[in-house]
Amino acid sequence: MSLTGCGGGATGGGTKLTMVAADYGDNATNTSQTYWNDVAGQFKQKNPDITVDVKVYSWDVVDKKVADMVAAGQAPDIAQCGAYADYAAKGLLYSVDDLLSIPAQADFISSMADAGSVNRTQYGMPFVSSARMLFYNKTLFKQAGIVDASGAAQPPKSWDDLKAAAQKLKAAGVKVPFGLPFGPEEPAAETLIWMLGNGGNYTDDVGSYTINSAQNIEAFQWIKANLSDTGLSGRNPATTNRQDVFNAFAAGDCGFLNGHPTLMQMAERARVDFGIAKIPGKGGPLASTVGVADWMMAFKKNGNRQQIGKFLEFAYSRQNTLRFLRAYDLQPVTVSASNAMLADSSLKPVWPFLNELPSARFYPDNKVSWGPVNAKLKQVIGRAATQDPVGVLGDLQRTAEAADNSAAAK
């Protein structure tokens, strides 16, 4: 995309909005460009004086595209990508109050609206989401004797249960007893799962980083002693990516792992007989699981507040939201879409994930410093699971505090 002439403006007496969005498809036939062209076309029919030009980019480059446009003074009117907090901190974004009606604002699932807020003002609008749950191979569990009194496969509820199940699977010859992905692809979710399992988190209630808290260190010490050092993950967790364990599960080579709804499709296509359960914590199932959201934001640069708000209300309508979610097997960010999916019996397999979303815990996306912290975490967190949790988490804590101080100084 050329970075010149991209700003919103008048088009034959009307207004032209520019939007940059991420592509959720994996090939030309299911690219999100098709979806957004259709939404923009329908919106144009209802609002002839507003044209919306949407450019879709892969996740590999979309955040950089937006950053480059902003740096060049050509911010798009709307961006749908991975991070909003830096732009909000610089005063570049409209607040959600400026854009959406009260009913539209109230429709966002509250946990996600909170994750999109900086100093109690919402700037990031969640676009799609996913929650994490435990997947287990029923066939492998039964073969390894991990069953209840009726002979049905019995998923673990605590870390001790998890270890015991992994030991039985290993003894039965399963290649990957428990899938443990701390490789650089997307370890932040797996990390937060284990932190939450021991009462920890990336931050405390006031937003200060607590990466090297006693709870988090203890969680990784448990992982190292009970899973990594014992070979119960079947491979080196520090170099194992999420896609690696997803592929192993679909191939019938992994006994159980933490996953999101996309894994259901993979397992169903491979005809794996699987079950879904709450993720085990140290003393029992997690009360709140991990949720991940992608973000929509609106830039002030071109001053098209009313037109942007009108388009976003249309884009977030239940009809459009459900169409996108079904096209890519994703989870909702609004109460209305969630209720509609819960009322659709054909979507019953995803109901457990939907029920987890209202109480899910999210990354600290509202912190400007989270971007650089997450970037470093991707490179080093595997060593906390295989080498020295105290040193690795302490180093990450120092990085986080420095990034926080740098953001506050700007």
Side-chain angles (χ1 to χ4, degrees), residues 17-25 30-40 43 52 54-63 65-67 76-88 93-96 98-100 104-118 122-131 186 189 260-262 290-299 308-338 340-341 350 353-354 357-358 360 362-363 365-366 370-371:
L17 301 179
T18 58
M19 176 176 173
V20 173
D23 196 349
Y24 290 79
N30 69 348
T31 174
S32 301
Q33 186 73 61
T34 303
Y35 169 83
W36 284 114
N37 288 347
D38 185 56
V39 171
F43 179 75
V52 185
V54 186
K55 296 290 190 299
V56 170
Y57 294 94
S58 73
W59 274 107
D60 294 341
V61 300
V62 66
D63 286 288
K65 286 287 184 181
V66 175
D77 292 289
I78 304 167
Q80 183 272 304
C81 51
Y84 72 88
D86 188 32
Y87 303 123
L93 301 181
Y94 287 116
S95 71
V96 178
D98 291 331
L99 300 166
L100 302 182
Q105 294 178 55
D107 198 27
F108 288 122
I109 293 172
S110 60
S111 59
M112 297 183 210
D114 290 343
S117 300
V118 178
Q122 187 180 355
Y123 296 95
M125 291 161 275
F127 179 61
V128 293
S129 66
S130 67
E186 196 226 19
H260 55 68
T262 300
V290 171
V292 178
D294 300 328
W295 300 100
M296 186 86 76
M297 64 210 75
F299 287 88
I308 293 170
K310 185 175 287 190
F311 177 71
L312 289 175
E313 292 249 359
F314 181 76
Y316 274 103
S317 68
R318 187 174 69 170
Q319 178 182 355
N320 285 326
T321 298
L322 289 173
R323 188 155 61 94
F324 191 88
L325 296 173
R326 285 170 175 154
Y328 297 105
D329 293 298
L330 294 163
Q331 293 180 256
V333 298
T334 61
V335 175
S336 60
S338 182
M341 294 177 75
V350 303
F353 294 90
L354 299 180
L357 279 175
F362 292 81
Y363 304 149
D365 286 321
N366 55 359
W370 173 243

Exercise. Would you indicate whether the side-chain heavy atoms of P126 and W295 approach each other to under 4.5 Å?
Key: yes
Practice problem: Locate the shortest heavy-atom distance separating T321 from Y316; write the atom from each residue and the value. | Solution: OG1-O, 3.3 Å
Practice problem: For the pair D77 (side chain) and M19 (backbone), establish whether a donor and an acceptor sit closer than 3.5 Å, ignoring hydrogens and angles. | Solution: no
Quiz item: Distance only, no hydrogens: is a donor on one side chain within 3.5 Å (strictly under) of an acceptor on the other, for D114 and S117?
Solution: no
Quiz item: Are V54 and Y35 close enough that some pair of their side-chain heavy atoms sits under 4.5 Å apart?
Solution: no
Quiz item: How long is the gap from OG on S32 to CG on D23, to the nearest 0.5 Å?
Solution: 4.5 Å
Exercise. Say whether, by atom type as modelled, one donor and one acceptor occur between the side chain of N366 and the main chain of A115 under 3.5 angstrom.
Key: no
Quiz prompt | From CA spacing to verdict: ring pair (Phe, Tyr, Trp, His ring centres under 6.0 Å), Y123, Y84 | solution = CA-CA 7 Å; Y123 296 95; Y84 72 88; 7.5 Å; no
Quiz item: Side chain of Q33, backbone of A21: donor and acceptor closer than 3.5 Å?
Solution: no
Self-check item: Residue list, salt bridge (Lys or Arg N to Asp or Glu O under 4.0 Å) with D38, at least two apart or on another chain
Solution: R323
Self-check item: Residues that R326 engages under salt bridge (Lys or Arg N to Asp or Glu O under 4.0 Å), provided they are two or more places apart
Solution: D344
Quiz item: How are the rings of Y363 and W370 set relative to one another: parallel (under 30°), tilted (30 to 60°) or perpendicular (over 60°)?
Solution: tilted
Practice problem: Measure across I308 and Y94 and return the closest heavy-atom pair with its distance rounded to 0.1 Å. | Solution: CD1-CE1, 4.1 Å
Quiz prompt | Exercise: identify the closest heavy-atom pair between A189 and V290 | solution = O-CG2, 4.0 Å
Self-check item: Test salt bridge (Lys or Arg N to Asp or Glu O under 4.0 Å) applied to E313 - qualifying residues, sequence neighbours left out
Solution: none
Quiz prompt | Rounded distance [0.5 Å steps], CG in L325 versus CG in N320 | solution = 10.5 Å
Quiz prompt | Rounded distance (nearest 0.5 Å) linking atom OG of S129 with atom CG of L357 | solution = 4.5 Å
Self-check item: Contact summary for L100 and G309, nearest pair of heavy atoms
Solution: CD2-O, 4.1 Å
Practice problem: Only counting residues at least two apart or in another chain, list the ones meeting ring-ring contact (aromatic ring centres under 6.0 Å, His included) with F127. | Solution: W36, F324
Quiz prompt | Evaluation steps, side chain to side chain contact (heavy atoms under 4.5 Å, CB included), between Y328 and T262 | solution = CA-CA 9 Å; Y328 297 105; T262 300; over 6 Å; no
Quiz item: Looking only at heavy atoms, what is the nearest atom pair of Q331 and A131, with distance?
Solution: OE1-N, 2.7 Å
Self-check item: Interatomic spacing from CG in L322 to OG in S338 - rounded to 0.5 Å
Solution: 10.0 Å
Quiz item: With a 4.5 Å heavy-atom cut-off, do P76 and F299 have their side chains touching?
Solution: yes
Self-check item: side-chain contact (heavy atoms from CB on, under 4.5 Å) partners for A22, two or more places apart
Solution: Y24, W59, V62, Q80
Quiz item: Tell me, do M112 and F362 make a side-chain contact under 4.5 Å, heavy atoms counted?
Solution: yes
Practice problem: Could you pull out the closest heavy-atom pair between A83 and M297, with the gap in Å? | Solution: O-CE, 3.3 Å
Self-check item: Euclidean distance, T31 OG1 relative to N37 CG, rounded to 0.5 Å
Solution: 8.5 Å
Practice problem: Assess whether side chain to side chain contact (heavy atoms under 4.5 Å, CB included) is satisfied between V292 and H260, documenting all intermediate values. | Solution: CA-CA 10 Å; V292 178; H260 55 68; over 6 Å; no
Quiz item: Taking only residues two or more places apart in sequence, or in another chain, which ones meet S336 in a side chain to side chain donor-acceptor pair (under 3.5 Å)?
Solution: D107
